[in-house]
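Here is the structure we will look at, set down as structure tokens.
Along the sequence shown, residues are numbered consecutively beginning with 1.
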Amino acid sequence: MPSVLFVWRRTPPPLLIGGAEVSQQLLAEEFAAAGWQVTYLGSHEAPWNRETQLPALRRHLAVHDVPYEARQHEIRYTWNGVHCRAVTQDRLRSALTTALTEPSPDLMLTSQEGAADLTAQARHHTIVAAWLHSVSPTSQKVLHGRPHAAMAVSRFVLSRARALSGTCLVLIYPPFTPPPVTAPSGTGVLMVNPVPAKGAALLHQVIKLLPRQKFTLVEGWWDTAAEFAAYPNVTYLSRVYDMSAVYADHRLLLVPSVVEDAFPRVIIEAALHQIPSLGTDRGGIPEAIGEGGTTFPVHSDAATWAAAIEAPHSPLLGRRGREHAAAFTRPLLPELAASGIIPP
């Protein structure tokens with residue numbers, strides 16, 4: 001039985017925080033469904049501040065009736081066929097050493113914080129593929145560890161990646177799960193992750209300009225509910241793991257990012273529900289929107305966005321968006337095989 005090891009300094013599935021977590025979980029589950037032995041090694045301490053995530057992880061597992069084994073520095077469980085291990089940050093390297101020798105996996109996938117060191121540690125034991133989830137140093141520094149392959153999540157990310165000798169750069173769009181085919185019925189406007197980098201300042205102005213328009217904001221990287229509590233036309237939702245019902249109640253998605261987003265999952269997910277997007281022209285946002293929405297220069301004012309929100313949108317826009325997004329609801333293993341990352 002072939003085996004694959006996912007390893008990074010964030011939590012293993014299913015404690016999802018952002019697009020990287022969702023994409024890697026879906027790929028891990030696809031490997032498991034295809035008969036691979038899948039191990040997912042991570043940490044229950046956040047790599048950016050070492051804050052423990054054990055209570056949240058245990059609650060999430062309990063809600064889903066997933067049994068787990070807790071040790072002094074580690075928690076183990078199985079999620080959808082994926083064998084998950086979460087250790088403290090200072091034990092991750094030693095846990096990786098063990099995982100590489102009992103026996104060595106056929107492939108290791110890694111990304112994000114501290115992945116260069118993990119790559120350098122593993123590259124002489126197995127094939128290492130890095131997944132470039134963004135153009136930020138957090139994501140791109142993994143290339144310093146010289147992975148055998150680096151998978152860019154969009155053409156935009158591929159164009160910005162600078163691999164060292166010995167690393168093959170390939171385009172592997174993130175995986176998506178097709179939802180039931182339903183037409184949107186809501187009138188609200190949706191934004192996910194309303195933080196400064198994602199355009200929160202502009203969002204405040206737009207909300208004020210459209211007092212009769214209902215907005216729904218969904219927690220992303222951290223809770224910003226208090227910043228929008230004064231608006232009577234805003235509903236703020238804590239982090240949502242299944243967004244299907246949320247999409248169904250809205251007619252537009254806002255993506256006013258001021259940073260160079262790589263390929264926002266939320267755009268494709270909304271498009272699969274026939275929800276068009278209004279986004280900035282930053283990074284891979286236009287690539288993700290395709291014909292399923294409209295992009296504006298990043299410095300466009302709030303009045304421009306407000307006018308676009310109030311303008312009528314043809315159902316054809318949503319259908320075009322769904323057709324564009326449907327191309328990303330495909331298995332990834334054939335693409336990994338075609339790229340030479342796994343055997344055909």
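- His83 and Thr39 are not linked by any side-chain donor-acceptor pair at a separation below 3.5 angstrom, with hydrogens and angles left out of the test.
- The line from OG1 of Thr110 to CE of Met108 is 4.5 Å long, rounded to the nearest 0.5 Å.
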Is there a side-chain contact (heavy atoms from CB on, under 4.5 Å) between Thr235 and Phe215 once you walk through the steps?
-> CA-CA 6 Å; Thr235 298; Phe215 292 84; over 6 Å; no
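- Between His124 and Ala120, the shortest heavy-atom contact is CD2-O, 4.3 Å.
- Leu317 and Pro276 get closest at one heavy-atom pair: CD2-CB, 3.6 Å.
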Start with the C-alpha gap between Gln89 and Arg9, add the side-chain angles, then the distance that decides, and say whether side chain to side chain donor-acceptor pair (under 3.5 Å) holds.
-> CA-CA 7 Å; Gln89 289 288 344; Arg9 292 192 173 277; 2.9 Å; yes
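- A 4.5 Å side-chain heavy-atom check between Phe228 and Ile207 finds at least one atom pair inside the cut-off.
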Worked check of side-chain contact (heavy atoms from CB on, under 4.5 Å) between Arg282 and Val258 | CA-CA 7 Å; Arg282 297 285 279 166; Val258 296; 5.6 Å; no
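- When all heavy atoms are compared, the tightest approach of Leu209 to Ala303 is CD1-N, 3.8 Å.
- Nearest heavy atom pair, residue Ala152 against residue Val157, reads CB-CG1, 3.8 Å.
- Hydrophobic cluster membership differs between Met151 and Val128, with clusters built from Ile, Leu, Val, Met, Phe, Trp and Tyr side chains linked at under 4.5 angstrom.
- Going from atom CG of Asp106 over to atom OG1 of Thr126 covers 6.5 Å, rounded to the nearest 0.5 Å.
- Remark: the His204 side chain and the Tyr231 side chain contain an N/O donor-acceptor pair separated by less than 3.5 Å.
- For the pair Thr329 (side chain) and Phe176 (backbone), a donor-acceptor distance under 3.5 Å is absent.
- Using a 3.5 Å distance cut-off with no hydrogens or angles, the side chains of Glu287 and Tyr173 do pair a donor with an acceptor.
- A donor-acceptor pair is defined here as one N or O able to donate and one able to accept, closer than 3.5 Å; no such pair exists between the side chain of Thr78 and the backbone of Gly81.
- Side-chain contact between Gln37 and Pro2 is absent, with no heavy-atom pair separated by less than 4.5 Å.
- Under the 3.5 Å distance criterion, the side-chain polar atoms of Ser94 are matched with a main-chain donor or acceptor of Arg91.
- By the 30° and 60° cut-offs, the orientation of the rings of Phe296 relative to Trp305 is tilted.
- Side-chain N or O atoms of Ser139 include one that pairs as donor or acceptor with a backbone N or O of His133 at under 3.5 Å.
- With rounding to the nearest 0.5 angstrom, the CD1 atom of Ile268 is 12.0 Å from the CZ atom of Arg322.
- How far CD of Gln112 is from OG1 of Thr138: 6.5 Å, rounded to the nearest 0.5 Å.
- Looking at residues two or more places apart in sequence or on another chain, you find a side-chain contact (heavy atoms from CB on, under 4.5 Å) between Leu164 and Arg146.
- Between Phe263 and Arg155, every side-chain heavy-atom pair lies at or beyond the 4.5 Å cut-off.
- A 4.5 Å side-chain heavy-atom check between Leu272 and Phe328 finds every atom pair outside the cut-off.
- Under a 3.5 Å cut-off, the side chain of Thr295 and the backbone N or O of Thr280 do not form any donor-acceptor pair.
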Chi angles and distances behind the salt bridge (charged side-chain N to carboxylate O under 4.0 Å, His left out) call for Arg160, Glu260 = CA-CA 11 Å; Arg160 295 283 289 273; Glu260 292 181 311; 3.0 Å; yes
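- Under the 4.5 Å side-chain criterion, counting only non-hydrogen atoms from C-beta, Ile285 is in contact with Ser257.
- The cluster map of Ile, Leu, Val, Met, Phe, Trp and Tyr, joined by side-chain heavy atoms under 4.5 Å apart, puts Val170 and Leu109 in the same cluster.
- The side chain to side chain donor-acceptor pair (under 3.5 Å) test with Gln24 is passed by exactly one of Tyr40, Trp8, Trp131: Tyr40.
- Leu54 contributes atom CG, which lies 4.5 Å from atom NE2 of His44 (distance to the nearest 0.5 angstrom).
- Applying the ring pair (Phe, Tyr, Trp, His ring centres under 6.0 Å) criterion to His60, with sequence neighbours excluded, gives His64, Tyr241.
- Side-chain contact between Phe6 and Cys84 is absent, with no heavy atoms from C-beta onward closer than 4.5 Å.
- Listed by first then second residue, pairs satisfying side chain to side chain donor-acceptor pair (under 3.5 Å) with a partner in residues 244-256 read Gln213-Arg251, Thr216-His250, Asp242-Ser244, Tyr247-Glu269, not counting sequence neighbours.
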Assess whether side-chain contact (heavy atoms from CB on, under 4.5 Å) is satisfied between Trp36 and Ile342, documenting all intermediate values.
-> CA-CA 11 Å; Trp36 286 60; Ile342 62 174; 3.8 Å; yes
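- Taking all atoms of both residues into account, the shortest heavy-atom contact from Asp281 to Pro297 is OD2-CA, 3.4 Å.
- Linking Ile, Leu, Val, Met, Phe, Trp and Tyr whenever their side-chain heavy atoms come within less than 4.5 Å puts Ile275 and Leu237 in one cluster.
- Cluster membership check: Val234 does not share its hydrophobic cluster with Val266, using side-chain heavy-atom separations under 4.5 Å among Ile, Leu, Val, Met, Phe, Trp and Tyr.
- Partner of Arg10 under the side chain to side chain donor-acceptor pair (under 3.5 Å) criterion, out of Gln53, Glu45, Glu21: Glu21 alone.
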Does the side-chain contact (heavy atoms from CB on, under 4.5 Å) test come out yes or no for Glu29 and Val82, once each step is laid out?
-> CA-CA 6 Å; Glu29 292 174 359; Val82 178; 4.2 Å; yes
Exercise answer: donor-acceptor pairs, residues 186-200 side-chain atoms, under 3.5 Å, sequence neighbours excluded:
residue	atom	partner	partner atom	Å
Asn193	OD1	Trp221	N	2.9
Lys198	NZ	Asp261	OD1	2.5
Lys198	NZ	Asp261	OD2	3.4

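- What you find for Ala70 and Arg58 is that their closest heavy atoms are CB-NH2, 3.7 Å.
- A heavy-atom distance below 4.5 Å is not found between the side chains of Leu253 and Leu278.
- Sequence neighbours left out, the pairs with a member in residues 63-80 that pass salt bridge (charged side-chain N to carboxylate O under 4.0 Å, His left out) are Glu69-Arg71, Glu74-Arg76, Glu74-Arg85.
- Side-chain N or O atoms of Arg239 include one that pairs as donor or acceptor with a backbone N or O of Gly220 at under 3.5 Å.
- For Gln121 (side chain) and Leu96 (main-chain N/O), no donor-acceptor pair under 3.5 Å exists by modelled atom type.
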Would you tabulate the side-chain donor-acceptor contacts of residues 331-340 under 3.5 Å, counting partners in other chains and residues two or more places apart, or write 'none'?
residue	atom	partner	partner atom	Å
Glu335	OE1	Arg330	NH2	3.2
Glu335	OE2	Arg330	NE	2.7
Glu335	OE2	Arg330	NH2	3.3
Ser339	OG	Glu335	O	2.9

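- Looking at Arg50 and Thr88, their side chains never come closer than 4.5 Å, going by heavy atoms from C-beta outward.
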